[in-house]
**Student:** 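The structure that follows is given in the form of structure tokens.
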Amino acid sequence: MNRPRVPQTLSTTPDDCVIQTRAAYLAALLLADARSAQGVIDAALAAGLAVDAAYLEVLAPAMHEVGVLWERARITVAGEHLATAITQGVLARLAARLPRRSAGAERPVAVLGCGPEDFHGLGTRMVGDFLQAAGWRVFDLGAATPASAFASVAAEHGAHVVAVSSSRAEHLDGVREVRRALNGLPSPPLLAVGGNAYDGYPERASAVGAELHAADPRELLARLDAMSLPVLS
Ligand code: B12
């Protein structure tokens, strides 16, 4: 089987670099070749690809493409699981390379997770990596988190924001449960939401009672910055 072609230098435009890198990364995922996948990302970073672009313009869209291929029965469930595991490994190394912002005296606190019954954990992990690099203290509860767990961890650590990821519309009732659980706290944190379930339906965010919706972690950080929370100023 052919090994995926890895870009050796930044091609004529940054867009070309992203497109080539995404194609090579997807090819490595489909071959279940973890070493090549890591090699594609390392080569692209060495050629000048920004780390946040590696997250949002290479890894996330490549995983979305994996979903399309699975939906069309072009790859098996096993292929999808392998692609997820490889991407988790790549993320573990990439997180430390995200540009760091210096934290203030009091670091803002975020509690993250997928809503109840939602098993898709990569999105929240990306959100957590970006927030952590921006100086936040992050408590990532991961996949399928019960509403009561969001509330208890938020109370324990004095969370400023609770961020809930939903990949499917079927999981939005679970986010309403999270909202209700947070409303029961003496100082309810902001509820931020995102994930596939809101793509093309941003109004779903206010319908579940969220104060904030963002398409990706970069946009979430920009929105949080714009809100000038007391702890961030
Ligand atoms: C891998 C995968 C799985 C794995 C997840 C393993 C894991 N450990 O995460 C497993 C095998 C468990 C799985 C199961 C299922 N899956 Co699935 N899965 C995927 C796949 C291929 C990739 C998910 C992923 O990692 N994406 C990469 C991340 C980075 O992208 P993301 O989640 O969109 O996150 C980005 C943004 O949305 C945003 N974001 C995400 N969360 C948040 C939160 C906040 C606060 C903010 C601001 C932003 C934000 O930032 C991220 C970076 O840009 C997707 C395809 C897709 N389109 O994503 C399907 C997909 C989500 N799955 C799908 C389906 C149907 C299922 C199942 C129902 C299949 C089945 N019949 O069993 C089950 C449901 C299980 C459950 N109860 O949740 C469908 C959903 C379709 C729909 N609209 O309903 C998809 C879209 C595949 C498809 N094209 O059909 N899946």
Side-chain angles (χ1 to χ4, degrees), residues 22 25-26 29-30 32 51-92 94-95 98 110-131 134 136 138-146 150 159-175 178-179 182 189-202 204-205 208-225 227:
R22 193 188 300 153
Y25 185 75
L26 178 63
L29 292 185
L30 299 180
V51 182
D52 62 343
Y55 270 79
L56 303 182
E57 285 149 42
V58 177
L59 268 52
M63 286 304 299
H64 289 183
E65 189 58 27
V66 165
V68 171
L69 294 172
W70 167 80
E71 198 181 8
R72 294 181 185 162
R74 300 261 307 277
I75 63 168
T76 61
V77 170
E80 183 191 271
H81 279 239
L82 287 164
T84 306
I86 291 170
T87 300
Q88 283 167 336
V90 171
L91 279 176
L94 212 47
L98 274 169
V111 172
L112 323 176
C114 301
E117 295 176 29
D118 190 332
F119 295 159
H120 300 85
L122 278 188
T124 26
R125 181 159 175 182
M126 288 193 176
V127 171
D129 288 352
F130 274 65
L131 288 175
W136 286 67
V138 170
F139 298 90
D140 185 356
L141 293 160
T145 300
F150 280 104
H160 302 93
V161 171
V162 166
V164 182
S165 176
S166 299
S167 57
R168 304 170 64 226
E170 287 84 340
H171 296 141
L172 293 177
D173 279 345
V175 188
V178 176
R179 172 80 274 172
L182 297 179
L190 288 179
L191 176 62
V193 293
N196 277 310
Y198 303 91
D199 290 352
Y201 304 95
R204 286 179 175 170
V208 296
E211 282 90 1
L212 267 174
H213 164 250
D216 62 48
R218 200 160 40 194
E219 188 185 320
L220 176 66
L221 272 174
R223 280 171 191 261
L224 289 169
D225 286 346
M227 290 177 82

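Whatever order the structure lists them in is the order used to number ligands and atoms, beginning at 1.
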**Student:** Could you tell me whether Asp140 and Arg125 make a salt bridge, using a distance below 4.0 angstrom between a side-chain N and a carboxylate O?
**Tutor:**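 Salt bridge between Asp140 and Arg125, a charged N being under 4.0 Å from a carboxylate O: no.
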
**Student:** Considering only heavy atoms of Val193, which atoms of ligand 1 have at least one such atom less than 4.0 Å away?
**Tutor:** 44 (C), 45 (C), 47 (C)

**Student:** Is His64 in polar range of ligand 1, meaning some N or O pair under 3.5 Å apart?
**Tutor:**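 Right, the criterion is met.
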
**Student:** Within the structure, is a non-hydrogen atom of Ala215 found at a distance of less than 4.0 Å from ligand 1?
**Tutor:** yes

**Student:** Under 4.0 Å from atom 72 (O) of ligand 1, can you find at least one protein heavy atom?
**Tutor:** no

**Student:** Can you tell if the side chain of Leu112 reaches within under 4.5 Å of the side chain of Phe150, non-hydrogen atoms only?
**Tutor:** no

**Student:** Considering the heavy atoms of His81, write down every atom of ligand 1 situated less than 4.0 Å from one of them.
**Tutor:** 11 (C)

**Student:** Check each atom of ligand 1 against the heavy atoms of Asn196 and keep those under 4.0 Å away; list them by number with element.
**Tutor:**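 Ligand 1 atoms under the 4.0 Å threshold to Asn196: 33 (O), 37 (O), 56 (C), 57 (N), 58 (O), 61 (C).
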
**Student:** Heavy-atom distance to atom 51 (C) of ligand 1: which of Ala214, Gly123, Pro116 wins?
**Tutor:** Gly123

**Student:** Are any of the side-chain heavy atoms of Arg218 and Leu56 separated by less than 4.5 Å?
**Tutor:** yes

**Student:** Side chains of Leu26 and Pro61, heavy atoms from C-beta outward: is any pair under 4.5 Å?
**Tutor:** no

**Student:** So for ligand 1, is Thr124 a polar contact partner (N or O within less than 3.5 Å, distance only)?
**Tutor:** no

**Student:** Walk me through whether Thr87 and Leu29 qualify under side-chain contact (heavy atoms from CB on, under 4.5 Å).
**Tutor:** CA-CA 8 Å; Thr87 300; Leu29 292 185; 3.8 Å; yes

**Student:** What I want to find out is whether Glu211 reaches Arg179 closely enough, with some N-O distance under 4.0 Å, to be called a salt bridge.
**Tutor:**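 Here Glu211 pairs with Arg179 in a salt bridge, since their nearest N and O are under 4.0 Å apart.
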
**Student:** Mind checking whether Arg125 has a heavy atom under 4.0 Å from ligand 1?
**Tutor:** no

**Student:** Distance to 0.1 Å, residue and atom name: give those for the protein heavy atom nearest to atom 1 (C) of ligand 1.
**Tutor:** Thr84 OG1, 3.1 Å

**Student:** Atoms of ligand 1 less than 4.0 Å from Gln88 heavy atoms?
**Tutor:**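 Every atom of ligand 1 under 4.0 Å from some heavy atom of Gln88: 8 (N).
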
**Student:** Identify the protein heavy atom lying closest to atom 27 (C) of ligand 1, giving its residue, its atom name and the separation to 0.1 Å.
**Tutor:**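 Answer, as residue, atom name and distance: Met63 CB, 3.5 Å.
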
**Student:** Step by step, work out the side-chain contact (heavy atoms from CB on, under 4.5 Å) result for Val68 and Arg72.
**Tutor:** CA-CA 6 Å; Val68 171; Arg72 294 181 185 162; 3.5 Å; yes

**Student:** Using a distance threshold of 4.0 Å (strictly less than), state whether atom 44 (C) of ligand 1 has a protein heavy-atom neighbour.
**Tutor:** yes

**Student:** Aromatic rings Tyr198 and His213: how do their planes relate, parallel, tilted or perpendicular, breaks at 30° and 60°?
**Tutor:** tilted

**Student:** I'd like to verify the contacts: list protein N, O or S atoms under a distance of 2.8 Å from atom 17 (Co) of ligand 1.
**Tutor:**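 Sorted hits: His120 NE2.
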
**Student:** For Ala60 and ligand 1, does the shortest N/O to N/O distance drop below 3.5 Å?
**Tutor:** no

**Student:** Indicate the atoms forming the closest heavy-atom contact of Ser167 with Asn196, along with that distance.
**Tutor:**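 Minimum heavy-atom contact is O-CB, 3.2 Å.
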
**Student:** Among Gly128, Pro217, Gly195, Gly142, which one has a heavy atom closest to atom 39 (N) of ligand 1?
**Tutor:**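 Shortest heavy-atom distance from atom 39 (N) of ligand 1: Gly195.
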
**Student:** Hey, is CD on Glu117 packed in by over 12 heavy atoms from elsewhere, all under 6.0 Å?
**Tutor:**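 Open: at most 12 neighbouring heavy atoms sit under 6.0 Å from CD of Glu117.
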
**Student:** Going by a strict under-4.0 Å cutoff (protein heavy atoms only), does atom 79 (C) of ligand 1 have a neighbour on the protein?
**Tutor:** no

**Student:** So which heavy atom in the protein is nearest atom 9 (O) of ligand 1, and how far is it from that ligand atom?
**Tutor:** Gly121 N, 2.9 Å

**Student:** Would atom 55 (C) of ligand 1 count as contacted, meaning some protein heavy atom under 4.0 Å?
**Tutor:** yes

**Student:** Testing the basics here: between Ala159 and Pro189, what is the closest heavy-atom pair and its distance to 0.1 Å?
**Tutor:** O-CB, 3.4 Å

**Student:** Decide yes or no for Val161 and Val111: does some side-chain heavy atom of the first lie under 4.5 Å from some side-chain heavy atom of the second?
**Tutor:**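 The answer is no, as the side chains (C-beta and beyond) never meet within the 4.5 Å cut-off.
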
**Student:** With distance as the sole test, does Thr124 use its side chain to make a donor-acceptor pair with the main-chain N or O of Gly121 at under 3.5 Å?
**Tutor:** yes

**Student:** Going by the atom numbers of ligand 1, which of them fall below 4.0 Å from some non-hydrogen atom of Ala163?
**Tutor:** 45 (C)

**Student:** Between Asp118 and Ser166, do the side chains contain a donor N or O and an acceptor N or O under 3.5 Å apart?
**Tutor:** no

**Student:** Which atoms of ligand 1 sit under 4.0 Å from any heavy atom of Leu56?
**Tutor:**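 The atoms of ligand 1 under 4.0 Å from a heavy atom of Leu56 are 52 (C), 53 (O).
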
**Student:** Do Leu131 and Leu224 have side chains that approach each other closer than 4.5 Å (heavy atoms only, starting at C-beta)?
**Tutor:**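 Side-chain contact under 4.5 Å: yes.
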
**Student:** Are any of the side-chain heavy atoms of Cys114 and Val164 separated by less than 4.5 Å?
**Tutor:** no

**Student:** Taking the side chain as every heavy atom from C-beta outward, state whether Val193 and Val175 have any atom pair closer than 4.5 Å.
**Tutor:**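 Yes - at least one pair of side-chain heavy atoms lies under 4.5 Å apart.
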
**Student:** Look at atom 90 (O) of ligand 1 and say which protein heavy atom is nearest, naming residue and atom and giving the distance to 0.1 Å.
**Tutor:** Glu71 CD, 3.4 Å

**Student:** With a cut-off of 4.0 Å, which atoms of ligand 1 are near a heavy atom of Ser165?
**Tutor:**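 Checking each atom against Ser165, I get 40 (C), 41 (N), 42 (C), 43 (C).
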
**Student:** Please work out whether the ring planes of Tyr55 and Phe130 are parallel, tilted or perpendicular, with thresholds of 30° and 60°.
**Tutor:**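 Geometry flag for Phe130 against Tyr55: perpendicular rings.
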
**Student:** If you count the atoms of ligand 1 from 1 in the order shown, which ones are under 4.0 Å from a heavy atom of Asp216?
**Tutor:** 50 (O), 53 (O)

**Student:** How far is atom 77 (N) of ligand 1 from its nearest protein heavy atom, and which residue and atom is that?
**Tutor:**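 Protein heavy atom at minimum distance: Glu117 O, 2.8 Å.
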
**Student:** Tell me whether the guanidinium CZ or amine NZ of Arg22 lies under 6.0 angstrom from the six-membered ring centre of Tyr25 and within 45° of its axis.
**Tutor:** no

**Student:** At a 4.0 Å cut-off, with the gap strictly under it, does some heavy atom of His213 reach an atom of ligand 1?
**Tutor:**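 The answer is no, since His213 has no heavy atom less than 4.0 Å from ligand 1.
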
**Student:** Using heavy-atom distances, let me know which of Ala205, Gly194, Ala143 sits nearest atom 46 (C) of ligand 1.
**Tutor:**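 Considering heavy atoms of Ala205, Gly194, Ala143, the nearest to atom 46 (C) of ligand 1 sits in Gly194.
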
**Student:** Do Ser166 and ligand 1 have an N or O pair less than 3.5 Å apart?
**Tutor:**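 Among all N and O atoms of Ser166, none is under 3.5 Å from an N or O of ligand 1.
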
**Student:** Report yes if the side chains of Met126 and Asp216 come closer than 4.5 Å at any heavy-atom pair, otherwise no.
**Tutor:** no

**Student:** Could you tell me whether atom 15 (C) of ligand 1 has a protein heavy atom closer than 4.0 Å?
**Tutor:** yes

